[in-house]
Amino acid sequence: MIQAVQKKINRREQILQSLAQMLENQPGSPITTAKLANAVGVSEAALYRHFPSKAKMFEGLISFIEETLFSRINRILQEEKQTEIRCNAILTLILTFAEKNPGMCRILNGDALAGETDRLRQRVAQLFDRLDTQLKQVFRETEIREDAQLRLPVNASSNLALAVVQGRIGEFVRTEFAHSPTLYWKEQWAALAHALFIF
């Protein structure tokens, strides 16, 4: 029984990994369940035994993105106390995750979700809303920590920081993963930090 459950979990993971790989290797191409089943080495019927729809497969990848990012953001908040370092660490985390998971970027920027259910786009929008909320909290705490002052209001600061990250991810997808999202990031963060903070 334990082996059967383990096999089921592994097959689900295999399906999601194959889907992410196809998103990376076939930019601009629609992902069909027939192609995915072929990549996994199972029948389409077998795919649907693990996921009732393709939308549920995409939701599985979105959940993976959320769990990965927010578990690490929580660690950053526990380990880092300075506002600028926290902000840089969170933005760098998102960009590094994007660089290591090109297929996921097509989900984050909506490219892979064209023609899919609206619920998936709403899930991605909620993910970015959570990131925005987290950044706002970091910026609000500048007043408590008194380690920096914001040049812009909290909402504008968070919007700017997140817009830069989304732009880098968008460029990564647009160039079919040729331009890394972390390219020039060290220099760009220095300029962005100057735009965000008064030290």
Side-chain angles (χ1 to χ4, degrees), residues 1-76 90-134 162 165-182:
M1 180 66 180
I2 293 173
Q3 285 182 332
V5 171
Q6 189 66 37
K7 187 174 181 181
K8 185 175 182 180
I9 292 171
N10 289 344
R11 182 65 80 189
R12 282 175 62 89
E13 290 175 357
Q14 185 184 7
I15 291 167
L16 293 178
Q17 287 171 358
S18 295
L19 176 56
Q21 198 68 48
M22 289 177 74
L23 289 169
E24 178 180 347
N25 295 336
Q26 301 173 26
S29 300
I31 306 296
T32 65
T33 51
K35 288 180 184 176
L36 180 57
N38 185 57
V40 177
V42 298
S43 66
E44 283 187 76
L47 281 185
Y48 289 119
R49 280 198 292 273
H50 297 281
F51 293 96
S53 66
K54 189 167 67 166
K56 287 293 184 185
M57 298 176 201
F58 278 117
E59 282 187 8
L61 289 181
I62 295 168
S63 293
F64 170 77
I65 296 169
E66 287 175 331
E67 290 164 13
T68 302
L69 290 180
F70 288 102
S71 65
R72 293 179 185 176
I73 287 172
N74 287 337
R75 198 178 314 151
I76 288 167
I90 291 170
L91 299 183
T92 302
L93 165 67
I94 300 167
L95 293 175
T96 303
F97 175 86
E99 182 177 65
K100 292 180 178 177
N101 299 278
M104 304 290 190
C105 294
R106 292 189 57 204
I107 293 174
L108 288 172
N109 86 332
D111 173 67
L113 303 180
E116 300 294 337
T117 175
D118 284 343
R119 187 176 73 250
L120 294 173
R121 286 185 289 280
Q122 289 167 5
R123 279 286 305 274
V124 173
Q126 287 169 0
L127 188 157
F128 278 104
D129 285 345
R130 283 185 68 190
L131 289 171
D132 184 46
T133 298
Q134 190 64 77
L162 208 49
V165 166
Q166 288 177 284
R168 297 312 314 266
I169 292 171
E171 182 187 27
F172 192 38
V173 173
R174 180 178 53 77
T175 61
E176 296 189 355
F177 315 127
H179 293 178
S180 163
T182 60

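- Looking only at distances, no side-chain donor or acceptor of R72 sits under 3.5 Å from a matching main-chain atom of I94.
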Checklist entry - Under the side-chain contact (heavy atoms from CB on, under 4.5 Å) criterion, do N109 and F172 qualify, and how do the steps go? => result CA-CA 10 Å; N109 86 332; F172 192 38; over 6 Å; no
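- A pairwise comparison of heavy atoms in F177 and E24 identifies CE1-O, 3.2 Å as the closest pair.
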Next on the checklist: Is there a side-chain contact (heavy atoms from CB on, under 4.5 Å) between R121 and D118? Walk through the geometry before answering.
Outcome noted: CA-CA 5 Å; R121 286 185 289 280; D118 284 343; 2.3 Å; yes
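- Minimum interatomic distance between V165 and L91 (heavy atoms only, all atoms of both residues): CG2-CD2, 3.6 Å.
- Heavy-atom minimum distance, T68 versus S71: O-OG, 3.1 Å.
- Side-chain atoms of R123 and S63 include a donor-acceptor pair closer than 3.5 Å.
- We find the CD1-NE2 distance between I15 and H50 to be 5.0 Å, quoted to the nearest 0.5 Å.
- Rounding to the nearest 0.5 angstrom, the gap separating the CD1 atom in I62 from the CG atom in L127 is 8.0 Å.
- For the atom pair CD1 of I90 and CG of L69, the computed distance is 10.5 Å after rounding to the nearest 0.5 Å.
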Next on the checklist: The test is side-chain contact (heavy atoms from CB on, under 4.5 Å); show your working for L23 and F58 and say whether it passes.
Outcome noted: CA-CA 11 Å; L23 289 169; F58 278 117; 4.1 Å; yes
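- Using modelled atom types, no side-chain atom of R12 and backbone atom of M57 make a donor-acceptor pair closer than 3.5 Å.
- With hydrogens and angles disregarded, no donor-acceptor distance shorter than 3.5 Å links the side chain of T117 to the backbone of L120.
- For the pair L113 and I107, the tightest heavy-atom approach, listed with the atom from each and the gap, is CD1-O, 3.9 Å.
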Item to check | CA sep, side-chain torsions, deciding dist, call: R11, R49, side-chain contact (heavy atoms from CB on, under 4.5 Å) | outcome: CA-CA 10 Å; R11 182 65 80 189; R49 280 198 292 273; over 6 Å; no
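- Residue L16 holds its CG atom at 11.5 Å from CD of E59, rounded to the nearest 0.5 Å.
- Across R119 and A55, no two heavy atoms sit closer than the pair NH2-CB, 3.8 Å.
- Judged by distance alone, with hydrogens and angles left aside, the side-chain atoms of K54 form a donor-acceptor pair with the main-chain N or O of I31 at under 3.5 Å.
- Rounding to the nearest 0.5 Å gives a distance of 9.5 Å between OG of S180 and CD of E171.
- Judged by distance alone, the side chain of N74 and the main-chain N or O of F70 form a donor-acceptor pair under 3.5 Å.
- Here the closest heavy-atom approach between residue I169 and residue A98 is recorded as CG1-CB, 4.0 Å.
- The line from CG of D132 to CG of L162 is 6.0 Å long, rounded to the nearest 0.5 Å.
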